[in-house]
2 protein chains.
Amino acid sequence: MPYDPSAFPPFAVTVDLVVLTVRRHALCALAVRRGEAPFQGRWALPGGFVRADEDLAQAAARELAEETGLRVHDPAVPAQDNGAHLEQLATYGDPERDPRMRVVSVAHLALAPDLPAPRAGGDASNARWAPVEELLQQGGYGRDGEPVAPLAFDHAQILSDGVERARSKIEYSSLATAFCPPEFTVGELRRVYEAVWGVALDPRNFHRKVTGTPGFLVPTGGTTTRQGGRPAQLFRAGGATLLNPPMLRPEV
Amino acid sequence: MPYDPSAFPPFAVTVDLVVLTVRRHALCALAVRRGEAPFQGRWALPGGFVRADEDLAQAAARELAEETGLRVHDPAVPAQDNGAHLEQLATYGDPERDPRMRVVSVAHLALAPDLPAPRAGGDASNARWAPVEELLQQGGYGRDGEPVAPLAFDHAQILSDGVERARSKIEYSSLATAFCPPEFTVGELRRVYEAVWGVALDPRNFHRKVTGTPGFLVPTGGTTTRQGGRPAQLFRAGGATLLNPPMLRPEV
DNA sequence: ATCATAGTCGTCTGCCTGACGATAAACACT
DNA sequence: AGTGTTTATCGTCAGGCAGACGACTATGAT
């Protein structure tokens, strides 16, 4: 039986990106300003159409590179921290989510260290890192006193889902190291957890926990004082991806 | 600026279902036999096209009802166990995954108690519950001595991802109760964990754990001897959805 | 009556965590 | 040079939880 094109409705398929990083003690996401209708001028998550010959992960990696210049970390080279972490998040397909047409968006979650300045086609004013709480608050006013407009489309929901994924995933995996530069201290890693979870952690217990989990951290031998205070040992991410037992997010 | 249809390639969007249940001490998945090319005669996961006016979750619920008669559990009626658990799993969009055309499939995971006989359009021979290990083994021979053909398309990957999701999710949520009838005993719940994880659990420690977790189980007052031995208390699923601390899957 | 089966309650020990004291090693002052 | 501040790191102690396992209970089967 030949294939019948009238048997199904055509869809547009896009990838949207929740790109998270930690800047100045706050969990931040990459937002781009929309240049066209609908939601013209509003902030949105970066994304774009999946091309005809492209896998979903490829499309997400391409969009990530276009927006940030980040390459995706290659799991085949675990010792070498050569880029960001990227994983599929969820898919959003409400018939009304885009007023123009039927669009199904496969959202991806990317975690990156705080290095690159955003660039949306070279125009810095159209892309920025913003604290997720600022992007997610409905109404009210931002840090600069300007009124805050909600994110375009259903992107507030997508961002919220991505943040929740990141929050829960650093509990039982070593993913928090994806927010760190290739070499980092225990204190820097702790500040990642504190920023993502929005809590304060006991430095002594945290130190005991992460240095005591086999395969989580590998000492490089070096030390640094870039955080001030007593010099701290430098570590790389170890081979372990699953933490057992997990880091427990404090209650309340 | 008007919308330009030539700006993106058209996709077909489908939902595929990983429907899991526990039968005879084994984790089983629903499989349907393909009636047409490609992969004619091979076993596949149930699924179908998303309709033009339908949300992804609606499409999955519709397919689930068509294949099994199961209704989806409505979270608005938590006390009433009125159907199966359904959640989005992941999306698969390799350009080569369907030889006919570009198809993006949004896989969903459904967990159901062991009640309904499968029905694929009323034809029982074209649908069956099969142990997941049997569906996932490559080559070799099944329990009945027949050669085992791999699942159609990338459905082995989808099934494998769904099983892994279920295995990890019953650790930290009360989802295992979705495999049980509305009223069940601690022993029946333990056999669910044992079947899904493929391990043996200590009945005494399991009993202490599940009865000691607030909100997990609610005693109904009744007892049953349907499993033989001393009568066991009957429970319903409590309101708690997240288990803290989680059930720990034994190592090894 | 005896046995087999399942369920339920306890005990003990070791591990992990949270709370927190104490010390160490840098820098910024004065 | 000394003093204070900051951050890192080590130790101690008590409570909670999990794994191992003994003991007892209440059914049906033989």
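Letters go in sequence order (proteins before strands), and every chain restarts at 1. What you see below is based on every heavy atom in this structure, not just the backbone, and it leaves out hydrogens, waters and symmetry mates.
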TODO: Pick base, sugar-phosphate or nothing for B:R226, based on heavy-atom distances below 4.0 Å to the nucleic acid.
DONE: nothing

For atom [atom1] of [X] and atom [atom2] of [N], their distance in whole Å:
X	N	atom1	atom2	result
A:H25	D:dT7	NE2	C1'	12 Å
A:N244	D:dA18	CG	C1'	13 Å
A:F206	D:dT7	CZ	C1'	14 Å
B:Q227	D:dA26	CD	P	20 Å
A:F235	D:dA8	CZ	P	11 Å
A:D202	D:dG11	CG	P	16 Å
A:L201	C:dC20	CG	C1'	16 Å
B:N205	C:dC9	CG	C1'	12 Å

- [ ] Answer yes or no: does atom CD of B:E133 have more than 12 heavy-atom neighbours from other residues, nucleotides or ligands under 6.0 Å?
- [x] no

Open item on the list: With a 3.5 Å cut-off and heavy atoms only, can you find an N or O donor on one side and an acceptor on the other between the side chain of A:R208 and the base of C:dG18?
Closed with: yes

Task: Side-chain-base donor-acceptor pair under 3.5 Å for B:R204 and C:dG7 - done: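 For B:R204, whose side chain was compared with the base of C:dG7, there is no donor-acceptor pair (under 3.5 Å).
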
Open item on the list: Suppose we call two aromatic rings close when their centres sit under 6.0 Å apart. Are A:F235 and A:F184 close by that rule?
Closed with: no

Task: Below 4.0 Å: OP1/OP2 of D:dT9 and any side-chain N or O of A:H207 - done: yes

TODO: Take A:K209 and A:G229, find for each the nucleotide of DNA chain C with the closest heavy atom, and name the residue whose nucleotide sits nearer the 5' end.
DONE: A:K209

Open item on the list: Here's a test of your reading of the structure: between B:R230 and B:M247, which maps to the more 5' nucleotide of DNA chain D?
Closed with: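 Looking at DNA chain D, the more 5' nearest nucleotide goes with B:M247.
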
Task: Nearest-nucleotide comparison on DNA chain D, the residue closer to the 5′ end among B:G228 and B:R249 - done: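 Between the two, 5'-proximity favours B:R249.
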
Open item on the list: side-chain contact (heavy atoms from CB on, under 4.5 Å), that's the test. Do B:H85 and B:L175 meet it? Break it down for me.
Closed with: CA-CA 8 Å; B:H85 170 83; B:L175 258 188; 3.5 Å; yes

- [ ] Can you see which heavy atom on A:L70 is nearest to which on A:A84, and at what distance?
- [x] CD1-CB, 4.1 Å

Task: Nucleotide nearest A:Q233 (side chain, heavy atoms from C-beta), chosen from D:dT9, C:dC16, C:dG7 - done: D:dT9

- [ ] Establish, from distance only, whether the side-chain atoms of B:D161 and B:Y92 form a donor-acceptor pair under 3.5 Å.
- [x] yes

